[in-house]
Novice: 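Structure in structure tokens, see below.
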Amino acid sequence: MTVLDLFSLSGRKALVTGGNRGLGKAFVRAIAEAGAEVAFIARDSAQSAVALEDFEAAGIHVTAIQADLTSDAELHRAIDEAADALGGLDILVNNAGACFHRDADEVPDSEWDTVFDLNVKAVFKSSVAAARHMTGGGSIVNIGSMSGLIVNRPQNQPAYNASKAAVHHLTKSLAQEWAPRNIRVNAVAPGYVETEMTPVHREDYLRYWVQDAPQKRFAQPEEIAPSVVFLASDASAFMTGSILVIDGGYTIW
Ligand code: NDP
């Protein structure tokens, strides 16, 4: 047994929400490469089919499940479907999320609800539903954000910022409650990562998003994925309730 064996996810059953593009897709791939059997949830079946093709081309076999996690019924059906397909659950990565750039006095209720229903309520409900399948213990990794620690600029995104602070505190809350069940709950808090959610190439944002970061760049999803593998694995056995910041130093300043 070497130290690298502790990072292996061999024999584990993992579910990633929002795994058909962006960060979630990189998490599915990394967790599978680390040895786990993986299923992912997303709404857009066509995009999930594209992702499945990409995974297959890389020799990775995963299960795609179609569901809208803001629907209670669909969420429960999808988590049970994943546990059935995999033969149990050991790892849940709560990755699916939504963000809107909007000044506070222009945020419609519908947008606030979309953000909180997905970023907070679905994270809570998925965790409770998945934990019921983690009979031998498990690891839940929530995708928080540096927006739960600092307030981004120049764009205003009050609902998103509040939702990610909620994710971080929910992480700690569930971590202490479920430690006796041997279920660890941690979060990663990424800085800017190039995905459909985040317009990293906007000229008017560069001054704030890139120049304000000590490393003076944004990340690729593959740079966040190893930390998710770490938190999912036995390498982090004594970590629970932690928020792992991965932001190129952004929150230092
Ligand atoms: P994307 O918008 O690129 O991907 C979002 C994923 O979530 C997609 O797979 C999407 O699939 C899925 N999804 C969205 N809504 C639902 C829903 N109602 N039910 C089920 N699945 C849904 O986002 P990112 O990859 O950028 O973000 C992933 C996570 O990382 C989010 O939680 C985000 O807040 C966080 N994050 C992102 C950062 C960044 O800079 N990109 C920085 C910090 C944190 P589909 O549309 O098919 O349902």
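The first residue in the sequence is number 1, and the count goes up from there. Side chains included, hydrogens not; waters and symmetry mates left out as well; all remaining heavy atoms used. Ligands are counted one by one from 1 in listed order, and the atoms in each one are counted from 1 as well.
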Novice: Do H168 and L149 have side chains that approach each other closer than 4.5 Å (heavy atoms only, starting at C-beta)?
Specialist: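 Yes, at least one pair of side-chain atoms sits under 4.5 Å.
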Novice: Counting C-beta onward and ignoring hydrogens, is there a side-chain heavy-atom pair between R21 and D44 closer than 4.5 Å?
Specialist: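 R21 does not reach D44 side chain to side chain.
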Novice: Is ligand 1 under 4.0 Å from a heavy atom in the side chain of N95, in the backbone, in both, or in neither?
Specialist: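 Looking at N95 and ligand 1, atoms from backbone and side chain both fall under 4.0 Å.
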Novice: Going by distance only, is there an N or O of A42 that falls short of 3.5 Å from an N or O of ligand 1?
Specialist: no
Novice: Between S173 and L170 (side chain of the first, backbone of the second, donor and acceptor by atom type, cut-off under 3.5 Å), is there such a pair?
Specialist: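 It does not hold such a pair.
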Novice: Between D68 and ligand 1, is there a nitrogen or oxygen pair with a distance under 3.5 Å?
Specialist: yes
Novice: Pick one of side chain, backbone, both or neither for how F218 approaches ligand 1, counting any non-hydrogen atom pair under 4.0 Å.
Specialist: neither
Novice: Identify the protein heavy atom lying closest to atom 14 (C) of ligand 1, giving its residue, its atom name and the separation to 0.1 Å.
Specialist: R43 NH2, 3.5 Å
Novice: Which ligand 1 atoms, with their elements, are less than 4.0 angstrom from a heavy-atom of Y192?
Specialist: 40 (O)
Novice: Would S45 count as a contact residue for ligand 1, given that I'm defining contact as a non-hydrogen atom of the residue lying under 4.0 Å from a ligand atom?
Specialist: no
Novice: Given Y192, which of N152, T198, D247 fulfils the side chain to side chain donor-acceptor pair (under 3.5 Å) condition?
Specialist: N152
Novice: Under a 3.5 Å distance rule, please check whether E74 uses its side chain to pair with a backbone N or O of D68 as donor and acceptor.
Specialist: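 Between the backbone of D68 and the side chain of E74 there is a qualifying donor-acceptor contact (under 3.5 Å).
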Novice: Under 3.5 Å between any N/O of V193 and any N/O of ligand 1: does that happen in this structure?
Specialist: yes
Novice: With no hydrogens and no angle check, is any side-chain donor or acceptor of K25 less than 3.5 Å from a backbone partner on G19?
Specialist: no
Novice: Among all the protein's non-hydrogen atoms, which is closest to atom 42 (C) of ligand 1, and how far away is it?
Specialist: G191 O, 3.1 Å
Novice: Any idea which protein heavy atom is nearest atom 20 (C) of ligand 1, and the distance to it?
Specialist: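 Result for atom 20 (C) of ligand 1: A67 O, 3.4 Å.
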Novice: Considering non-hydrogen atoms of the protein only, which is the closest contact for atom 34 (O) of ligand 1, and what is the distance?
Specialist: Y160 OH, 2.6 Å
Novice: Looking only at atom types and distance, does a side-chain atom of S236 sit under 3.5 Å from a main-chain N or O of L231, one as donor and one as acceptor?
Specialist: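 Side chain of S236 to backbone of L231, a donor-acceptor pair under 3.5 Å: yes, one is there.
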Novice: Does T195 reach the main-chain N or O of L23 with its side chain, forming a donor-acceptor pair under 3.5 Å?
Specialist: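 Not a single qualifying donor-acceptor pair exists.
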Novice: Which residue and non-hydrogen atom of the protein lie closest to atom 37 (C) of ligand 1, and at what distance in Å?
Specialist: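 The protein heavy atom lying closest is L23 CD1, 3.5 Å.
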Novice: What do you reckon, does S145 have a nitrogen or oxygen under 3.5 Å from a nitrogen or oxygen of ligand 1?
Specialist: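 No.
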Novice: Going by the atom numbers of ligand 1, which of them fall below 4.0 Å from some non-hydrogen atom of L69?
Specialist: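 Answer for ligand 1: 17 (C), 18 (N), 19 (N), 20 (C).
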Novice: Using side-chain heavy atoms (C-beta onward) and a distance below 4.5 Å, is I143 in contact with T17?
Specialist: no
Novice: May I ask you to check whether Q157 and Q155 show a side-chain donor-acceptor distance below 3.5 Å?
Specialist: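 Indeed, the side chains of Q157 and Q155 share at least one donor-acceptor pair under 3.5 Å.
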Novice: Which residue supplies the protein heavy atom nearest to atom 4 (O) of ligand 1, what is that atom called, and how far is it?
Specialist: R21 NH1, 3.4 Å
Novice: What I'd like to find out is whether the side chain of I243 reaches to under 4.5 Å of the side chain of K172, using heavy atoms alone.
Specialist: yes
Novice: Is the backbone N or O of A165 less than 3.5 Å from a side-chain atom of H169, with the two atoms forming a donor-acceptor pair by type?
Specialist: no
Novice: Heavy atoms only, cut-off 4.0 Å: how does T195 contact ligand 1, side chain, backbone, both, or neither?
Specialist: side chain
Novice: Any nitrogen or oxygen of T198 lying under 3.5 Å from a nitrogen or oxygen in ligand 1? Just yes or no.
Specialist: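 The answer is yes, given that T198 and ligand 1 share an N or O pair closer than 3.5 Å.
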Novice: Under 4.0 Å, heavy atoms only, figure out whether ligand 1 is touched by the backbone of K164, its side chain, both or neither.
Specialist: side chain
Novice: Should N142 and V185 count as side-chain neighbours, where that means a heavy-atom distance under 4.5 Å?
Specialist: yes
Novice: Quick one: nearest non-hydrogen protein atom to atom 13 (N) of ligand 1, plus distance?
Specialist: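 Minimum-distance protein heavy atom for atom 13 (N) of ligand 1 reads A96 CB, 3.9 Å.
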Novice: Check whether any N or O atom of N119, backbone or side chain, sits under 3.5 Å from an N or O atom of ligand 1, and answer yes or no.
Specialist: no
Novice: I need the nearest protein heavy-atom contact for atom 12 (C) of ligand 1: residue, atom name and distance, please.
Specialist: G18 CA, 3.6 Å
